[in-house]
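What follows is a set of notes on a single structure, which appears directly below.
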Amino acid sequence: MLDHEYTTKEVFQNNFFSDWRKEMTAEERRVIKHLDKCDFTEIHRHFVDRTAARKALSREERQKLKEEAEKLQQEFGYCTLDGHREKIGNFKTEPPGLFRGRGDHPKMGMLKRRVLPEDVTINCSRDSKIPEPPAGHQWKEVRSDNTVTWLASWTENIQNSIKYVMLNPSSKLKGEKDWQKYEVARRLKGVVDEIRSQYRADWKSREMKKRQRAVALYFIDKLALRAGNEKEEGETADTVGCCSLRVEHVQLYPEADGCQHVVELDFLGKDSIRYYNRVPVEKPVYKNLQLFMENKSRGDDLFDRLTTSSLNKHLQDLMDGLTAKVFRTYNASVTLQEQLRALTRAEDSVAAKILSYNRANRAVAILCNHQRATPKTFEKSMQNLQSKIEAKKQQVAEAKAELKKARADHKPGGDDRSKSFLEKRKRLLEKLQEQLVRLSTQATDKEESKQVALGTSKLNYLDPRISVAWCKRFGVPVEKIYNKTQRERFAWALDMAGEDFEF
DNA sequence: ATGGTTACTTAGCAGACAAATA
DNA sequence: TATTTGTCTGCTAAGTAACCAT
């Protein structure tokens, strides 16, 4: 870990040292008193060497390792559920190490304990072949609870939360759940207009609680904010969602960028990813926000009368199964469908259609604020692409000159040889131009995506049936949109969606 | 309401792996 | 064949939201 910036942080060092001291013998505790006097370079070198050794393995050795991993996968990576052999998602317990939270985490550097069989609960049918604990050990418990989906669990010592062994997304169980999730979102489509007019009416309610709920719901709907459950202070990084927004996260501008009633939101959300947005809102929303912020200090809750559970209770009354997160799924999927409709042209090449798909996907990712760090190799690979484009332009120019020459050589009524030569030149130029378009398309796509993570929405928010239908309608092979794993994950949708599927 | 517990989904990243290129 | 580049997978943290007891 010495290479990482977080090891230089005081919180990390203090947490690590205090946990380390707990592991020491009395003698060690007497000798080792200051972290900054400890030299870990020998251990560090050991791991660097080990990584290098792995990298230097021969083809045969690699093959052998691969086979061993495959054997493990076959032995432990599957279970039988309702008579079907299903792949398990995570069949290995997490190894011990130093905890690395995201963002400014108060527990960074703490020692994450090794999980022992004695910590592990097994959940399987009573009449099944119950997994054997490692020799000399026992499971904490073996139970048979068919109301839950997990196969094994243990309690992790950093947050005292339970970790689970569950099925792979390709399993029937997960597929069905995924399908249900999108069905709930589709039901929202039928009532969303009514819900929207209701929360607009509630902006003027006499009850402050209702007003807060209505404004929060507006944010969740319009900006695709997360619900924002309360978190235990000091246990996790300081992040918020809609219901946990504080006064300090909101700025009001009567006028900005030529618009009236502008709200600026600036906060750290899930995974400490910054959400920054300046957006004009309707006047009653603006007025309400002013009211909610009156006589409060920076650290106070914006929606002090609102919790995620009261919000979800209300949503449940509006539609069976409706919760705050359904709005994210709904708005993401609807956006994809709309964008695909707006961007796709039937006469475009497959490459151009894929660009349109990525643009639509990107619109969703931006809505949901799915960000990523610019890839380390971005600048370099962009330069490479640019030089490829330059080279291709050169080729196009040359081909044009050659075509001109061929035209001049082939007079009307000229011989067959010069005619076929001319045709050849034409085809060559066309091919090169196509390649050039494809390359610049790629460059645009790359630049526009450098800080946007497309995968998260693709996997979790976009009803795959929308994509499958689009592929069928426009003759795009589905493998261009979903790789093998993704096709397995969305097998249910590939089966289900025809070209006229509508979300 | 409130807080604790539990089960599940959603999230970004690092390293492994595979394909492309020199 | 060796090296570079791009994609995929595994990992595990961090959310949502239900349930239950008080």
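A note on names: the letters A, B, ... follow the listed sequences, proteins ahead of strands, and every chain is numbered from 1.
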For A:Lys458, answer base if it contacts any base atom (sugar-phosphate contacts may also be present), sugar-phosphate if it contacts only those atoms, and nothing otherwise; contact means non-hydrogen atoms under 4.0 Å. nothing
Scan the side chains in residues 87-95 of chain A for donor-acceptor partners under 3.5 Å anywhere in the protein, sequence neighbours excluded, and list what turns up.
residue: A:Asn90; atom: OD1; partner: A:Met166; partner atom: N; Å: 3.1
residue: A:Asn90; atom: ND2; partner: A:Tyr164; partner atom: O; Å: 2.8
residue: A:Glu94; atom: OE1; partner: A:Lys112; partner atom: NZ; Å: 2.9
residue: A:Glu94; atom: OE1; partner: A:Lys163; partner atom: NZ; Å: 3.3
residue: A:Glu94; atom: OE2; partner: A:Lys163; partner atom: NZ; Å: 3.3

Pairs under 3.5 Å (N/O, protein and nucleotides 6-10 of chain C):
residue: C:dT9; atom: OP1; partner: A:Thr485; partner atom: OG1; Å: 2.9
residue: C:dT9; atom: OP2; partner: A:Thr485; partner atom: OG1; Å: 2.1

Does a side-chain heavy-atom distance below 4.5 Å link A:Ile122 with A:Leu151? no
Hey, does A:Lys313 reach any base, or is it just sugar-phosphate, or nothing, if we go heavy atoms under 4.0 Å? nothing
The side-chain hydrogen bond (donor to acceptor under 3.5 Å, both in side chains) partners of A:Arg372 (sequence neighbours excluded) come to none
Proximity to the side chain of A:Met166 - top-ranked nucleotide from C:dG15, B:dA7, C:dT12: B:dA7
How would nucleotides 17-22 of chain C be written as a contact map, 5' to 3', with B for base contact, S for sugar-phosphate-only contact and - for no contact, using protein heavy atoms under 4.0 Å? BS----
OP1 or OP2 of B:dA11 less than 4.0 angstrom from a side-chain nitrogen or oxygen of A:Tyr461, does that happen here? yes
Rounded to the nearest angstrom, tell me the gap between atom NZ in A:Lys112 and atom P in C:dA14. 11 Å
Check whether any side-chain heavy atom of A:Leu367 sits under 4.5 Å from a side-chain heavy atom of A:Arg328, and report yes or no. no
Near-strand residues of residues 144-162 of chain A, defined as heavy-atom separation under 4.0 angstrom from DNA chain B: A:Val148, A:Thr149, A:Trp150, A:Ile162
Side-chain N or O of A:Lys163 versus OP1/OP2 of C:dC11: is the shortest distance under 4.0 Å? no
So do the side chains of A:Val240 and A:His249 get within less than 4.5 Å of each other, counting heavy atoms only? yes
Distance in Å, A:Tyr275 OH paired with A:Asn277 CG, rounded so as to fall on 0.5 Å steps: 3.5 Å
Without decimals, in angstroms, what is the distance between A:Glu230 CD and B:dT2 P? 9 Å
Salt bridge (Lys or Arg N to Asp or Glu O under 4.0 Å) assessment of A:Asp300 paired with A:Arg246: CA-CA 5 Å; A:Asp300 291 338; A:Arg246 298 190 296 261; over 6 Å; no
Classify A:Pro95 by what it touches in the nucleic acid, base, sugar-phosphate, or nothing, heavy-atom distance under 4.0 Å. sugar-phosphate
Mark yes or no for whether A:Lys458, through its side chain, and A:Ile481, through its backbone, hold a donor-acceptor pair below 3.5 Å. yes
Nearest-Å distance, CZ (A:Arg489) to P (B:dT10)? 8 Å
Please work out if A:Gly241 contacts a base, only the sugar-phosphate, or nothing of the nucleic acid, heavy-atom cut-off 4.0 Å. nothing
Nearest nucleotide by nearest heavy atom, which residue falls closer to the 5' end of DNA chain C, A:Asn90 or A:Thr239? A:Asn90
Under 4.0 Å protein heavy-atom contact, by nucleotide of nucleotides 12-22 of chain B - B base, S sugar-phosphate only: BSS-S-S--S-
From C-beta outward on A:Lys177, which listed nucleotide comes closest to its side chain: B:dT10, C:dG15, B:dC8? B:dC8
Between A:Lys231 and C:dA14, does any side-chain N or O lie under 4.0 Å from OP1 or OP2? no
